[in-house]
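Inspection log for the structure reproduced underneath, given as structure tokens.
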Amino acid sequence: MRFWWVNQNQTFDHEQGGGYLWSPQTNANGARNQFYENMLLVQEGDIVFSFTDTYIMAVGYCEGPAFEAMKPKVFGAAGQNWNQKGWCVPVSYRRPGKEKVRPKDHMDRIAPLLPKKYSPLQLNGKGLQGVYLAEISAEFGALLMHLTETPELTRQVTTLAELTVDNEEQEIIQNASLAETVKVAMVQARRGQGKFRERVQMLEIGCRVTQVTQDKLLVASHIKPWRESDNIERLDGNNGLFLSPHVDALFDGGFISFTKKGEFLISPRLEKDVLERWSIDPRNKVGSFNADQAFFLEHHNEKVFKAS
């Protein structure tokens, strides 16, 4: 098992929600880049520490080696000068046990462990521009696991034999072009479980409306409905919200929605006393959404929300 450090300042939400690492294959001028070539060294079971905005924001379990993939469309303006052809590594991300550990606060212990070559950090604890994926030592990795209070990460596998599927899910099961692990993930995503739920949890702490954060009391709900999404969108954590069950019923039914700035949209078809009985104040904002979430909310507002 190897340990890796990834700087994700421009692409954090995209990669966390999508469950991957992505880099170009070369620099824009075609020159080799060690931090991109490191993608080809990653193997299943490796651990990656996600660094953004000066903090370790996530710890990931690499689920397989890199494969060739074009630059994700969701990156938008991020990395405008990057080559379109790149490498993608599937990663299962988790929040650290101790959230938002700032390496800068621990440089007395970290500095002696920094790689002499291709270091991801400066000695003052600041990130290095131009660094994407850097290998770190087992000793450095163990220290970061300790500082973040992250338990040992393993891959949890569910088989098709363990699932009971309905007619709509049979369409996924019978798709010969999909691997079994992908079929399982798709079925679980429809139920708000598995990889989809894990990815939503990386981006959403709790229900934005009720402020409930206890995992077992929340529904991982698709913003753009599962049946209307493509296979990538079905698993994208940015296409999901954690909602309390009664809020999920309103959102899924198109009786409420949100603007990208977090303002409530209330359908005229909703009985006037429902929100009051459930102690929901539509004057309250629920917090702004990232660019990917806003993209899916646009679909919900146009296709699902009952505006009239």
If I compare all heavy atoms of [X] with all of [Y], which pair ends up nearest, and what's the gap?
{"X": "Pro245", "Y": "Val219", "answer": "CA-CG2, 4.1 Å"}
{"X": "Asp46", "Y": "Arg2", "answer": "OD1-N, 3.0 Å"}
{"X": "Gln122", "Y": "Leu128", "answer": "CG-CD2, 3.3 Å"}
{"X": "Lys195", "Y": "Ala185", "answer": "CD-CB, 4.0 Å"}
{"X": "Leu21", "Y": "Met39", "answer": "O-CE, 3.6 Å"}

Any side-chain heavy atom of [X] sitting closer than 4.5 Å to one from [Y]?
{"X": "Thr158", "Y": "Gln188", "result": "yes"}
{"X": "Thr210", "Y": "Trp278", "result": "no"}
{"X": "Pro72", "Y": "His14", "result": "no"}
{"X": "Tyr132", "Y": "Val6", "result": "yes"}
{"X": "Val48", "Y": "Val42", "result": "no"}
{"X": "Asn301", "Y": "Leu265", "result": "yes"}
{"X": "Val187", "Y": "Gln193", "result": "no"}
{"X": "Phe12", "Y": "Ser50", "result": "yes"}

Gap between atom [atom2] of [Y] and atom [atom1] of [X] - 0.5 Å precision:
{"X": "Trp82", "Y": "Thr26", "atom1": "CH2", "atom2": "OG1", "value": "13.0 Å"}
{"X": "Lys183", "Y": "Thr159", "atom1": "NZ", "atom2": "OG1", "value": "13.0 Å"}
{"X": "Gln201", "Y": "Arg95", "atom1": "CD", "atom2": "CZ", "value": "7.0 Å"}
{"X": "Ile256", "Y": "Lys306", "atom1": "CD1", "atom2": "NZ", "value": "12.0 Å"}
{"X": "Met57", "Y": "Gln16", "atom1": "CE", "atom2": "CD", "value": "8.0 Å"}
{"X": "Leu114", "Y": "Trp5", "atom1": "CG", "atom2": "CH2", "value": "8.0 Å"}

Original post:
With ring centroids as reference points, do Phe296 and His222 lie under 6.0 angstrom apart?
Top reply: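 For Phe296 and His222, the ring centres are not under 6.0 Å apart.
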
Original post:
What about Trp226 and Phe196, are their ring centers closer than 6.0 Å?
Top reply: no

Within a radius of less than 6.0 Å around [atom1] of [X], do more than 12 heavy atoms belonging to other residues, nucleotides or ligands occur?
{"X": "Arg227", "atom1": "CZ", "answer": "no"}
{"X": "Gln129", "atom1": "CD", "answer": "no"}
{"X": "Asn29", "atom1": "CG", "answer": "yes"}
{"X": "Phe295", "atom1": "CZ", "answer": "no"}
{"X": "Ile205", "atom1": "CD1", "answer": "no"}
{"X": "Glu139", "atom1": "CD", "answer": "no"}
{"X": "Ile232", "atom1": "CD1", "answer": "no"}

Do [X] and [Y] land in one hydrophobic cluster if side-chain heavy atoms of ILVMFWY residues count as linked below 4.5 Å?
{"X": "Val286", "Y": "Val212", "value": "no"}
{"X": "Leu243", "Y": "Val304", "value": "no"}
{"X": "Met145", "Y": "Phe51", "value": "yes"}
{"X": "Tyr93", "Y": "Phe49", "value": "no"}
{"X": "Phe75", "Y": "Val131", "value": "yes"}

With a 4.0 Å cut-off on N to O distance, would you call [X] and [Y] a salt bridge?
{"X": "Glu298", "Y": "Lys260", "answer": "no"}
{"X": "Glu169", "Y": "Arg190", "answer": "yes"}
{"X": "Asp53", "Y": "Lys100", "answer": "no"}
{"X": "Lys224", "Y": "Glu233", "answer": "yes"}

Could you verify whether a donor N or O on one side chain and an acceptor N or O on the other, from [X] and [Y], lie under 3.5 Å apart?
{"X": "Asp292", "Y": "Asn290", "result": "no"}
{"X": "Glu15", "Y": "Thr11", "result": "yes"}
{"X": "Asn175", "Y": "Glu171", "result": "no"}

Counting distance only, does the side-chain N/O of [X] pair as donor-acceptor with the main-chain N or O of [Y] below 3.5 Å?
{"X": "His299", "Y": "Ser229", "answer": "no"}
{"X": "Asp166", "Y": "Glu168", "answer": "yes"}
{"X": "Arg199", "Y": "Gly237", "answer": "no"}
{"X": "Ser267", "Y": "Arg269", "answer": "yes"}

Subject >> For Phe67, all residues meeting ring-ring contact (aromatic ring centres under 6.0 Å, His included), sequence neighbours excluded >> reply: none

Original post:
In a check of side chain to side chain contact (heavy atoms under 4.5 Å, CB included) between Phe242 and each of Leu203, Val247, Leu218, which one passes?
Top reply: Leu218

**OP:** Assess whether salt bridge (charged side-chain N to carboxylate O under 4.0 Å, His left out) is satisfied between Glu271 and Arg277, documenting all intermediate values.
**Re:** CA-CA 11 Å; Glu271 295 181 12; Arg277 287 176 178 272; over 6 Å; no

